[in-house]
Amino acid sequence: MIASPDRTPLPRDFFDRPVLEVAPDLLGRILVRTTPDGPIALRLTEVEAYDGPNDPGSHAYRGRTARNDVMFGPPGHVYVYFTYGMWFCMNLVCGPEGRASAVLLRAGEIIEGAEQARTRRLSARNDKELAKGPARLATALDVDRVLNGTDACASGDTPLRILTGTPVPADQVRNGPRTGVAGDGGVHPWRYWVADDPTVSPYRAHVPRRRRG
DNA sequence: CATCCGATTGACT
DNA sequence: GTCAATCGGATGA
């Protein structure tokens, strides 16, 4: 028989650990987004770690600003940022508080509420593409800047929650360089994914943008 | 101010 | 494979 995923919330202590410990441990966990149109649940299959003070790839590398303020706050909260003038991406803040480390949620498998996710992801050619990529994941779950700072470990009626799920065994976890990260930030192999999972996004090296003429 | 460019995606050759 | 879209954060004059 197949064990059903554990639907109890992850405790805040889970996130109050170094980000390189938390990131691989998030694979297989379940993110639940509650909307007026019903719940959407996603099983995490790909994440990236960003370690504020040591990490040139992190938004927090150059210190605290209005944008990255949530990263400097308590673990277990959601950091949402806007990028390329079009997209949102979401992170979960890790400990210790003030270190400004976070895990970017890059991809997952929609396990509940796919009908709703499809209405926001009209370009997806199949359900495996619904959340294949960080901005796609945020779009599928209807996450935008309104949810920045949300506590994903809170009890009660919350818009976003992270559940225990079924952690992925260590021998199924792969890691490699982070996707699209420029310069010295690209050296760290801090992208983690589930081996052979069809919802994991393709790796892309950083490409500097050409200047507009 | 002005400029650069991004933790991306989708459309197109 | 190439490249435009589109906006705002970060930086520097």
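Each chain gets a letter, A, B and so on, in the order its sequence line appears, and its residues count up from 1. Just so it is clear, the values below take in all heavy atoms, side chains as well, and ignore hydrogens, waters and symmetry mates.
Residues of residues 175-195 of chain A having a heavy atom closer than 4.0 Å to DNA chain C: none are found. Within a heavy-atom distance below 4.0 Å of DNA chain C, no residue of residues 129-137 of chain A is found. For the contact set between residues 51-62 of chain A and DNA chain C, defined by any heavy atom under 4.0 Å, the members are A/Arg62. Taking a 4.0 Å limit (strictly below) on heavy-atom distances, residues 69-103 of chain A reaches DNA chain C at A/Phe82, A/Tyr84, A/Gly85, A/Met86.
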Does the salt bridge (charged side-chain N to carboxylate O under 4.0 Å, His left out) test come out yes or no for A/Asp196 and A/Arg174, once each step is laid out? CA-CA 9 Å; A/Asp196 301 317; A/Arg174 301 289 179 268; 5.5 Å; no
Step-by-step salt bridge (charged side-chain N to carboxylate O under 4.0 Å, His left out) determination, A/Asp197 to A/Arg43: CA-CA 11 Å; A/Asp197 191 289; A/Arg43 173 181 170 264; 3.3 Å; yes
Begin from the C-alpha positions of A/Thr164 and A/Phe14 and carry the test side-chain contact (heavy atoms from CB on, under 4.5 Å) through to its verdict. CA-CA 10 Å; A/Thr164 299; A/Phe14 178 93; over 6 Å; no
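Straight-line distance from the CZ atom of A/Arg125 to the P atom of B/dG10: 9 Å, rounded to whole Å. The distance between atom CZ of A/Arg67 and atom C1' of C/dC7, rounded to the nearest whole Å, is 12 Å. When rounded to the nearest whole Å, the span between OH of A/Tyr203 and C1' of B/dA7 equals 12 Å. Summarising the geometry, the separation between OH on A/Tyr50 and C1' on B/dG6 is reported as 11 Å, rounded to the nearest angstrom.
Without hydrogens or angle criteria, A/Asp55 side chain to A/Gly52 main chain gives no donor-acceptor distance under 3.5 Å. Under a 3.5 Å cut-off, the side chain of A/Glu129 and the backbone N or O of A/Arg125 do form a donor-acceptor pair. A donor-acceptor pair under 3.5 Å is absent between the side-chain atoms of A/Arg17 and the main chain of A/Pro96, judged by distance alone. Using a distance-only test at 3.5 Å, with no hydrogens or angles considered, no donor-acceptor pair links the side chain of A/Arg29 to the main chain of A/Thr166. The backbone N or O of A/Tyr192 sits nowhere less than 3.5 Å from a side-chain atom of A/Asn175 that would complete a donor-acceptor pair. Between the side chain of A/His77 and the main chain of A/Val93, no donor-acceptor pair closer than 3.5 Å is present. Judged purely by atom type and a 3.5 angstrom limit, A/Thr35 uses its side chain to pair as donor or acceptor with the backbone of A/Asp37.
To the nearest 0.5 Å, atom CZ of residue A/Phe88 and atom OG1 of residue A/Thr139 are 9.0 Å apart. Atom-to-atom distance recorded for A/Ile162:CD1 and A/Arg12:CZ is 13.0 Å, nearest 0.5 angstrom. Rounded to the nearest 0.5 Å, atoms NZ (A/Lys132) and CG (A/Asn126) are 7.0 Å apart.
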According to the Watson-Crick and G-U wobble definition with distances under 3.5 Å, which dot-bracket string, read 5' to 3', encodes DNA chain C, using [ ] for crossing pairs and | for pairs with another strand? |||||.||||||.
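Straight-line distance between the C1' atoms of C/dG1 and B/dA7: roughly 23 Å, to the nearest whole Å.
Shown here is A/Asp184, whose CG atom has no more than 12 heavy atoms of other residues, nucleotides or ligands within 6.0 Å.
Each of A/Arg204 and A/Gly63 was matched to the nucleotide of DNA chain C holding its nearest heavy atom; the match closer to the 5' end belongs to A/Arg204.
Residue pairs meeting the salt bridge (charged side-chain N to carboxylate O under 4.0 Å, His left out) criterion with at least one partner in residues 98-107 of chain A, sequence neighbours excluded, are A/Glu46-A/Arg106, A/Glu48-A/Arg106, A/Asp51-A/Arg99.
A ring-centre distance under 6.0 Å is found for A/Tyr81 and A/His59.
OP1 or OP2 of C/dG9 has not a single side-chain nitrogen or oxygen of A/Thr65 nearer than 4.0 Å.
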